[in-house]
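Right, one structure below, let's go through it.
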Amino acid sequence: MIKREKVTAFALVALDVPLKKLFAYALTGPIPAVGSRVLVPFGPRRISGVVLELRDDAADFKGTPKAILAVLDDLPPLPAETLQLCQFVAHYYHYPIGAVIAAALPKVFRSPTVFREPAPSLVYFAEDVAELLQQIPSRAPAQRRVAAHLAVPHTPAALRRLHDSAWRWVKVWHEQGWLQSALEAKVLAKASDNLALNAEQSQVLTELTGARGFAPFLLYGITGSGKTEVYLQTIAQVLARGLQVLVLIPEINLTPQLEGRFRARFPGVPMAALHSGLNDTERAVNWLSALRGEAKIVLGTRLAVFTPLPQLGMIIVDEEHDPSFKQQEGLRYSARDVAVYRARQAKVPIVLGSATPSIESWANAKAKRYRMLTLSERAVPGAVLPKITLLPVKNVGLVDGLHVMALAAMHAALDRGEQVLIFLNRRGFSPVLQCGECGWMACCTHCSARLVLHLKERRLRCHHCGYEQAITPACPDCGNHDLKPVGQGTQRMEESLPLHFPGKKILRIDRDSTSKKGELDAALAQVHSGEVDIVIGTQMLAKGHDFDLLTTVVVLNADTGLYSVDFRAEERLFALLTQVAGRAGRRELPGEVFIQTAFSDHPFYHQLLARDFAPFADRTLHERQMMLLPPANAWALFRADAPELEQALSALAQIRACIAPEPHLLLNQPVAATMLKKAGVERAQLLIAAQSKVQLQAVLDEALPTIAALKLPKVRWSLDVDPIEV
DNA sequence: AGCACGCCGACT
DNA sequence: GTCGGCGTGCTC
Ligand SMILES: [Zn+2]
Ligand SMILES: [Zn+2]
């Protein structure tokens, strides 16, 4: 009889801990595949991890490995490509691999408990929404708003997002026979028709559908040029080849509209939405259907870039310039950049679409690393871009914050029966509450910031942390009772406008007025129905929402960043104003945009008025090259916070000392953050600039092990590669 | 990041 | 006497 030595095998497991290493565990039972989710003992607790390597020794671990407790098969082993993508991200953003994998997985797969997939739920929809609406009395507007959504199939969970009672109503309507229900995969409806394409669109479609292998495109298309229709027809052809499409979109409450349009065009094509509105279970279910290759279209926000897709055929990043593609805490990745890497890895085409591309992507297109495709005509024949007028406000008397020309234009539009949008990106009544005697201003105790006066709620609130307090009745410094609101917020505009527009219906739409479920939906419905005359809106309304009767837009206080240190301020303002201008005018009603500005002489406005992003982008890119700013070089930013600024600065000085100077590497001095105090800590930062991303990575690879070994008590620090806010 | 261990100040 | 403050150190 042959005595076999006991075969011991080991697994190297990635765990969600801030340590840049893998942990060795002994395999006792069946051998899990690489990529499997496993339950392991870790110190006194049991946590979930992912197997990255199998081997017959414990690598460099000298102790006695503990045994894996269980292989959790609620998740199929992650494909090698997904693990490799996570490895790339871990390396590029200098983040521990276990933490990257954890961030890439739906929350339920980070927990040590096994996820039980619920039975597939039915979806509810109306074949003829008009017929359904006839059954619902007009005295039930909330029910009618829900009904109006039901051309698109909804799960019970999706219904609950529309309105707390929506699921209850739908059950009744279904019993009445006014609605159909089906398993999601079985919905058979007529697809919305392809829209006719103009010559430019057809040419772009031909280019995109003809591409094979890794092929990056920058689709530069002006507002209203029909980018979405081009996406839809391109997607149809990728689906016809039996492949999956990943569509990444910004994080805004616009996902439902886009999802509706996709579902209407591709009824019966399984689609997985992955946005922040979903609960953990929905997210996990949709993610699994993508991983299994069942969902053919994955429509999601930045996190969706990590979704495993066995038959990936194309990636589309819509509004590629949008800052929400860059995560601003923890793993500070750019989903757009990761998407480009992923397209290269999967050897598929990628389309970055925007009316105002990021200068980074513009530079790539100019350098022929991306192929530039242009849509320069409006898709709807005869439609013209809105006219933009600057209203200089320097040394001009304003009436409740409005220029007389703006008031006149608003009156004219309202007289024609049209709607007006006042775009004011500042919630609350006034950004400052000030003492008229001594000049004292109400400030947050935890942040270096003013408290914003919210008169409606009778509170002073900090917009940077959760702090709020009752309105101070008197100045704490001099006792004066005459405290004055200074500056104009949306609430103040809402209060003063009726004086100038008596009898007109005015509606404020901002985060405060739409914080409850269904409120935004209700507000938008009021605007669509035409019962609202003037809308006062913040950033929330800048994107996407199209109102047929809205012709006139007045922009207030948008350009405060123009002379700031932030070198991306112009780029962002161009994108914002382009988007806001897109709200003005439809088809036969031409739009007009009035921008109140204190900087009407700024060269930026010459280019905005020319309505052409290309010369602006060319000039900006040239400036960046002249001044050695990204994308002409590569930046990394160390941030530190501590109870005292001195501690943060000293930590950054120690970090800086770990980086060896070399030619073409700029090591700045640590400086206090522009807003020194935030949420009770004092903050500082250290910028390093390298000639190229390659040099930057080499420098960071070299320095980070030393930096990680530093003892920095009371200080929390993080590294941001390719920061967008400095 | 958790979580335990450990060593000093004021509480029943 | 012990409850709890958070500094320090470790996790296969
Ligand atoms: Zn005072
Ligand atoms: Zn604050």
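A, B, ... follow the sequence lines: proteins, then strands. Residue 1 opens every chain.
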Short side-chain donor-acceptor distance under 3.5 Å, A:Glu571 and A:Ser358: no
Separation of C:dT11 P from A:Tyr25 OH (nearest whole Å): 11 Å
Spacing between A:Lys62 atom NZ and C:dT11 atom P, to the nearest angstrom: 14 Å
Among B:dC3, C:dT11, C:dC12, the nucleotide that comes nearest once only the side chain of A:Leu19 is considered: C:dT11
Donor-acceptor pair between A:Ser564 and A:Asp566 side chains, under 3.5 angstrom: no
Touch class at under 4.0 angstrom, heavy-atom based, for A:Pro65 against every strand present: sugar-phosphate
Sugar-phosphate only, base, or nothing, as touched by A:Ile47 at under 4.0 Å among non-hydrogen atoms: nothing
Sugar-phosphate only, base, or nothing, as touched by A:Pro41 at under 4.0 Å among non-hydrogen atoms: sugar-phosphate
Euclidean distance, atom CZ of residue A:Arg46 to atom P of B:dG2 [Å, nearest integer]: 18 Å
Euclidean distance, atom CD1 of residue A:Ile68 to atom P of C:dT11 [Å, nearest integer]: 18 Å
Centroid distance under 5.5 Å and plane angle under 30°, A:Phe23 vs C:dC12: no
Parallel, tilted or perpendicular: rings of A:His446 and A:Tyr467 (30°, 60°): perpendicular
Straight-line distance of A:Leu667 CG to A:Leu687 CG, nearest 0.5 Å: 9.5 Å
Short side-chain N/O contact to C:dT8 OP1/OP2 from A:Lys711, under 4.0 Å: no
